[in-house]
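One structure is given here, and the rest of the page talks about it.
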Amino acid sequence: MARGLLLIVAVLIFGELSAQINHPKASPYASISQDVGLTNIHVEYSRPAVRGRKIFGELVPYGRIWRVGANESTKITLSSNVMVNDSVLEKGTYALYAFPEANNWEVVFHKNITHWGDGRDNYNSAEDVLRVQVKPNSSKEFQENFLISFDSIDHNSLQMTWHWAHTQIRIPIQVDTHSFMQGQIESELKANPSAQTYYEAARYYQEQGIRYKEALEYLDKAIEIGGDTYYFNRVKSLVEAAMEDYGSAISSAQKSLELANLQGKDEFVRMNEKNIAKWKARLIKNQPNSKNR
């Protein structure tokens, strides 16, 4: 009985001694995930604050490795191969480091993701996968907490931006979406393509401004299989206009407008009306007896 009481007391005492208070972090964890084309880029990092301090050149010394944030090293995960400043970076997870200078930075993608912080004692440049040079910019906008963001996004590229205090750097990243898409299109068209398959292939070509003749053939197939729809005919009108066949583009846009109106798709009605007016003006301008305005 006495031994049991002693055991309970010991557990209570040592349990309390080993308990830890979970403090909120001064540099809170954050993550951002961005799709570009068919590739996903995911970043996990911490967000230190300025708190009235001078950041680059003092808190973050020039010429010394920086962990790109605070706490553990910042990680970036790529779902497919990308190009960074025209250099190939294979898919995978990397630690992000930087060597800031007043007028030039080196950004490092490092394969060892186990270092705590900046890894200064254990960092080995032989484990760098890629180093790129970038120029820092002075921003009018003040950023209190270090921020990583993505912008200027299209199917094939984006910019990763780091912003802290009044300093910004931008890292261009490119992806080979076209190879992925072309492979998908060829594979799906060899299988048992539906109206939607033909439409999606044509829409991609139209958006990229390529292969208009094939796009038009695919849209005709989509309409043959799936019937007239406002979205089939809208994309068809855009392809025809890109080929400067404005008469056909107007006809397709009119069909799209009528079908959109029946389904209460006001936005598509307005877009088609705007395009019809624009293409009619181009038809008039292109007539042999018209005067250039």
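Predicted, not measured: the structure shown is a model, and the values here were computed from it.
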task: Under the side chain to side chain donor-acceptor pair (under 3.5 Å) rule, collect the residues that match up with Thr114, sequence neighbours excluded.
output: Asn112
- line: Between Met243 and Leu216 the two heavy atoms that sit nearest each other are SD-CD2, 4.1 Å
- prompt: Does some side-chain heavy atom of Trp164 sit less than 4.5 Å from a side-chain heavy atom of Leu59?
  reply: yes
message: Quick check: Trp105 with Tyr62 (ring centres under 6.0 Å apart)?
response: no
task: Look at the side-chain heavy atoms of Ile, Leu, Val, Met, Phe, Trp and Tyr, link any pair under 4.5 Å apart, and say whether Leu96 and Ile55 land in one connected group.
output: yes
query: side-chain contact (heavy atoms from CB on, under 4.5 Å) between Gln168 and Trp162: does it pass, once the steps are laid out?
result: CA-CA 6 Å; Gln168 272 189 347; Trp162 301 352; over 6 Å; no
- request: With rounding to the nearest 0.5 Å, note down the distance linking NE2 in His163 to CG in Asn137.
  value: 10.0 Å
- request: Determine, step by step, whether Tyr212 and Glu217 satisfy the side chain to side chain donor-acceptor pair (under 3.5 Å) criterion, reporting the C-alpha distance in whole Å, the side-chain angles of both residues, the deciding distance to 0.1 Å, and the verdict.
  value: CA-CA 9 Å; Tyr212 289 133; Glu217 291 172 0; over 6 Å; no
- request: Hey, could you give me the CD1/CG distance between Ile223 and Asn233, rounded to the nearest 0.5 Å?
  value: 4.5 Å
query: Does the pair Ile173 and Val36 meet the rule for a side-chain contact (heavy atoms from CB on, under 4.5 Å), with working shown?
result: CA-CA 9 Å; Ile173 299 175; Val36 51; 5.8 Å; no
statement: In short, salt bridge (Lys or Arg N to Asp or Glu O under 4.0 Å) pairs touching residues 228-252 with sequence neighbours left out are Asp220-Lys236
field: His178 and Tyr204, any side-chain heavy atoms less than 4.5 Å apart
entry: yes
- prompt: When rounded to the nearest 0.5 angstrom, what is the spacing between CG in Leu257 and OG in Ser237?
  reply: 10.5 Å
query: Closest heavy-atom contact between Pro48 and Ser27?
result: CA-OG, 3.2 Å
query: So, Asn40 versus Ser79: side-chain donor-acceptor pair below 3.5 Å or not?
result: no
Pairs touching residues 40-55 that satisfy salt bridge (Lys or Arg N to Asp or Glu O under 4.0 Å), sequence neighbours left out: none
- prompt: Under 30°, 30 to 60°, or over 60°: which ring-plane class applies to Tyr199 and Phe232, parallel, tilted or perpendicular?
  reply: tilted
query: Hey, does Thr77 have a side-chain heavy atom less than 4.5 Å from the side chain of Ile41?
result: no
message: Is there a continuous path of hydrophobic side-chain contacts, each under 4.5 Å between heavy atoms, that joins Val50 to Val68?
response: yes
- prompt: Could you give all pairs that pass the salt bridge (Lys or Arg N to Asp or Glu O under 4.0 Å) test and reach residues 186-201, with sequence neighbours left out?
  reply: Glu200-Arg203
- request: Please identify each residue that fulfils side-chain contact (heavy atoms from CB on, under 4.5 Å) with Pro61, with sequence neighbours left out.
  value: Arg64
message: Ile171 vs Val84, test: side-chain contact (heavy atoms from CB on, under 4.5 Å). Steps then yes/no.
response: CA-CA 7 Å; Ile171 304 163; Val84 183; 3.7 Å; yes
task: Please check if Leu158 and Phe180 belong to a single hydrophobic cluster, counting links between Ile, Leu, Val, Met, Phe, Trp and Tyr side chain heavy atoms closer than 4.5 Å.
output: no
query: Would a hydrophobic clustering, with Ile, Leu, Val, Met, Phe, Trp and Tyr connected at side-chain separations under 4.5 Å, put Val175 with Ile153?
result: yes
- prompt: Can you name the closest pair of heavy atoms from Ala215 and Ala202 and give their distance?
  reply: O-CB, 3.4 Å
query: Just by modelled atom types, is the Ser248 backbone N or O under 3.5 Å from a matching donor or acceptor in the Ser252 side chain?
result: yes
- request: Using the side-chain hydrogen bond (donor to acceptor under 3.5 Å, both in side chains) rule, collect all pairs that involve residues 141-157, keeping only residues at least two apart or in two chains.
  value: Asp154-Ser157, His155-Glu207, Asn156-Gln208
task: Quick one: closest heavy-atom pair of Thr177 and Leu38, and the distance?
output: OG1-N, 4.0 Å
- request: Mind listing the closest non-hydrogen atom pair of Met83 and Val88 along with its distance?
  value: SD-CG2, 3.4 Å
task: Could you list the residues that satisfy side-chain contact (heavy atoms from CB on, under 4.5 Å) with Ile113, not counting sequence neighbours?
output: Lys75, Thr93, Ala95
query: Regarding Ser179 and Asp176, is there a side-chain donor-to-acceptor distance under 3.5 Å anywhere?
result: yes
Please tabulate, for side-chain N and O atoms in residues 265-281, each donor-acceptor pair with protein atoms closer than 3.5 Å (sequence neighbours left out).
{"unit_1": "Asn272", "atom_1": "ND2", "unit_2": "Ser256", "atom_2": "OG", "d": "2.9"}
{"unit_1": "Asn272", "atom_1": "ND2", "unit_2": "Phe268", "atom_2": "O", "d": "2.8"}

- prompt: Are Ile250 and Tyr230 linked, directly or through other ILVMFWY residues, by side chains that come within less than 4.5 angstrom of each other?
  reply: no
- prompt: Which value, rounded to the nearest 0.5 Å, describes the distance between Phe109 atom CZ and Leu130 atom CG?
  reply: 6.0 Å
message: Hydrogens and angles aside, do Ser194 and Thr197 bring a side-chain donor and acceptor to less than 3.5 Å of each other?
response: yes
query: Atom CG in Asn85, atom CD in Gln133: separation rounded to 0.5 Å?
result: 9.0 Å
query: Would a line drawn from the ring center of Tyr94 to the ring center of His110 be shorter than 6.0 Å?
result: no
message: Tell me whether Asn71 contacts the main-chain N or O of Ser46 through its side chain, where contact means a donor paired with an acceptor under 3.5 Å.
response: no
message: If you compare all heavy atoms of Val134 against all heavy atoms of Asn104, which two are closest, and at what distance to 0.1 Å?
response: O-OD1, 3.4 Å
- line: Apart from Trp116 itself, its cluster of hydrophobic side chains linked below 4.5 Å comprises none
Phe56 CZ to Ile169 CD1 distance, which is reported to the nearest 0.5 Å: 8.0 Å
query: Do any pairs count as a ring-ring contact (aromatic ring centres under 6.0 Å, His included) and have a residue in residues 28-55, sequence neighbours left out, and if so which ones?
result: Tyr45-Phe146
- request: Could you identify which residues cluster with Ile65, counting Ile, Leu, Val, Met, Phe, Trp and Tyr as linked when any side-chain heavy atoms lie under 4.5 Å apart, either directly or through a chain of such contacts?
  value: Tyr97, Phe99, Val108, Tyr123
Pairs meeting criterion salt bridge (Lys or Arg N to Asp or Glu O under 4.0 Å) with involvement of residues 93-115, two or more places apart: Glu106-Arg131
field: Residue pair Tyr198, Leu189: steps toward the side-chain contact (heavy atoms from CB on, under 4.5 Å) verdict
entry: CA-CA 8 Å; Tyr198 283 112; Leu189 292 180; 3.7 Å; yes
